[in-house]
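To start, the structure under review is shown below, and the notes come after it.
Keep in mind that what you see is a predicted model, and the values were worked out from it rather than measured. In what follows, chains are A, B, ... by sequence order, proteins preceding strands, each numbered from 1.
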Protein chains: 2
Amino acid sequence: MVVENELTDDEVDRIFQALADTTRRDIVTRVLRQEQSVSALAGHYRMSFAAVQKHVAVLERAALVTKRRRGREQVVHGNVATLRRAAGLLEDYEQIWRGRARAIEDLLAEEVPPGDRGAQ
Amino acid sequence: MVVENELTDDEVDRIFQALADTTRRDIVTRVLRQEQSVSALAGHYRMSFAAVQKHVAVLERAALVTKRRRGREQVVHGNVATLRRAAGLLEDYEQIWRGRARAIEDLLAEEVPPGDRGAQ
DNA sequence: GTTTTCTACAACCATTTGGTTGTATGTTAG
DNA sequence: CTAACATACAACCAAATGGTTGTAGAAAAC
């Protein structure tokens, strides 16, 4: 394991599920660049305010964004730690794959003992 | 952009959607470790063969796995390139965030011109 | 105070998802 | 050839998803 990740299956489900929508990914990029109120976010899309509100709620349940009250508006900001964890998970998969590749290499090295090279 | 990624929104949707299920993530880890036939995979889960077949189909549409015929069985192997791309996307988000952090730093540096340190 | 703005939330709807069973087809074993 | 095995695929179902409209409350503006 590259990094201790302590995420439950459900949490990982929610993270990837939340990322599996273009609008939500766009919201994430926007709030990573600069935190914004929900209505400011809603202004960027052609869907209803309530729809955007729901998208933000999905991202919030996945801990990809957090809301903070500021006066009458609720300002959304990105949660880079969760993104880092998700990236870490994917990197773990790569490591598994490399581990297998390594094992195959080792196996081949065993089959062709040192000093026996050259024979097919 | 860290790496040229040339994925459409729909493709990214499918990748994250496919990863948003514990069974499917488990299938990915298994076939990354060692390629397996669909029925061999199905043996590991308490759901029906058809259900596992559907999960594999979802992973295949996302290009996370590929099937190869071998006799009467269809052997599934993991597609590490797609995983790498997904990881790259998440790393891009981190970069956006770091970019903003950098911009804030620069802004602060402007507000407190050189030689004026020590105040606040 | 009244009005406007921003948010929350419920109810509803169409579509997708994740599962089932059943049937058909191709491939290997005897 | 026949039987067993591995896969494909359709039909069906309950639950979740992504959208809508409408109503209500809280905070700010006037």
Compare every heavy atom of B:Leu59 with every heavy atom of B:Ile27, then report the nearest pair and how far apart it is. CG2-CD1, 3.7 Å
Is there a side-chain polar atom (N or O) of A:Gln74 under 4.0 Å from OP1 or OP2 of C:dC6? no
Tell me which nucleotide among C:dA8, D:dT20, D:dA27 gets nearest to the side chain of A:Lys54. D:dT20
B:Tyr45 atom OH is separated from C:dG18 atom C1', nearest whole Å, by 15 Å
Would one find a side-chain N or O of A:Ser48 under 4.0 angstrom from OP1 or OP2 of D:dG19? no
Out of C:dA11, D:dC9, C:dT7, which has the shortest distance to the side chain of A:Glu73? C:dT7
For B:Gln36 and D:dA6, what is the distance between atoms CD and C1' respectively, to the nearest whole Å? 15 Å
Please give, in whole Å, the distance from C:dG18 P to A:Phe16 CZ? 15 Å
Mind checking side chain to side chain contact (heavy atoms under 4.5 Å, CB included) for B:Gln36 and listing every partner two or more places apart, or none if nothing turns up? B:Arg30, B:Ala40, B:Leu41, B:His44
Side-chain heavy atoms of A:Leu90 within contact of B:Leu19, under 4.5 Å: yes
Within the pair A:Lys67 and C:dC6, is there a side-chain N or O less than 4.0 Å away from OP1 or OP2? no
Whole-Å distance, A:Met47 CE to D:dT17 C1', equals 13 Å
Take atom CZ of B:Phe49 and atom C1' of C:dT25, then tell me their distance rounded to the nearest Å. 13 Å
When we call it a touch if two heavy atoms are under 4.0 Å apart, what does A:Arg70 touch: a base, just sugar-phosphate, or nothing? nothing
Any side-chain donor near an acceptor of the partner, A:Arg85 and A:Thr82, under 3.5 Å: no
OP1 or OP2 of D:dC5 sitting under 4.0 Å from any side-chain N/O of B:Ser39? no
Between P of C:dT16 and CD of A:Gln17, the distance in whole Å: 15 Å
Return the nearest nucleotide to the side chain of B:Asp21; candidates are C:dG18, D:dA8, C:dA8. C:dG18
Is a salt bridge present between B:Glu60 and B:Lys54, judged by a nitrogen-to-oxygen distance below 4.0 Å? no
Assess whether a salt bridge exists between A:Arg14 and A:Glu11, defined as any Lys/Arg side-chain N lying under 4.0 Å from an Asp/Glu carboxylate O. no
In whole angstrom, give the distance that lies between atom CG of B:Asp13 and atom C1' of D:dG18. 12 Å
Of A:Ala51 and B:Ala40, the one whose closest nucleotide on DNA chain D sits nearer the 5' end is B:Ala40
Is B:Thr23 touching bases, backbone alone, or none of the nucleic acid, heavy atoms closer than 4.0 Å? nothing
Taking for each residue the nucleotide of DNA chain D with the nearest heavy atom, is it A:Arg69 or A:Arg61 whose nucleotide lies nearer the 5' end? A:Arg61
Look at the side chain of A:Arg72 and decide which nucleotide, out of D:dT7, C:dT21, C:dC6, has an atom nearest to it. C:dC6
State which of D:dG18, D:dT20, D:dC9 makes the closest approach to the side chain of B:Ala50. D:dC9
Find the distance A:Leu41:CG to C:dA8:C1' and express it as a whole number of Å. 16 Å
Give one of base, sugar-phosphate or nothing for A:Gln53, where a contact means two heavy atoms less than 4.0 Å apart. base
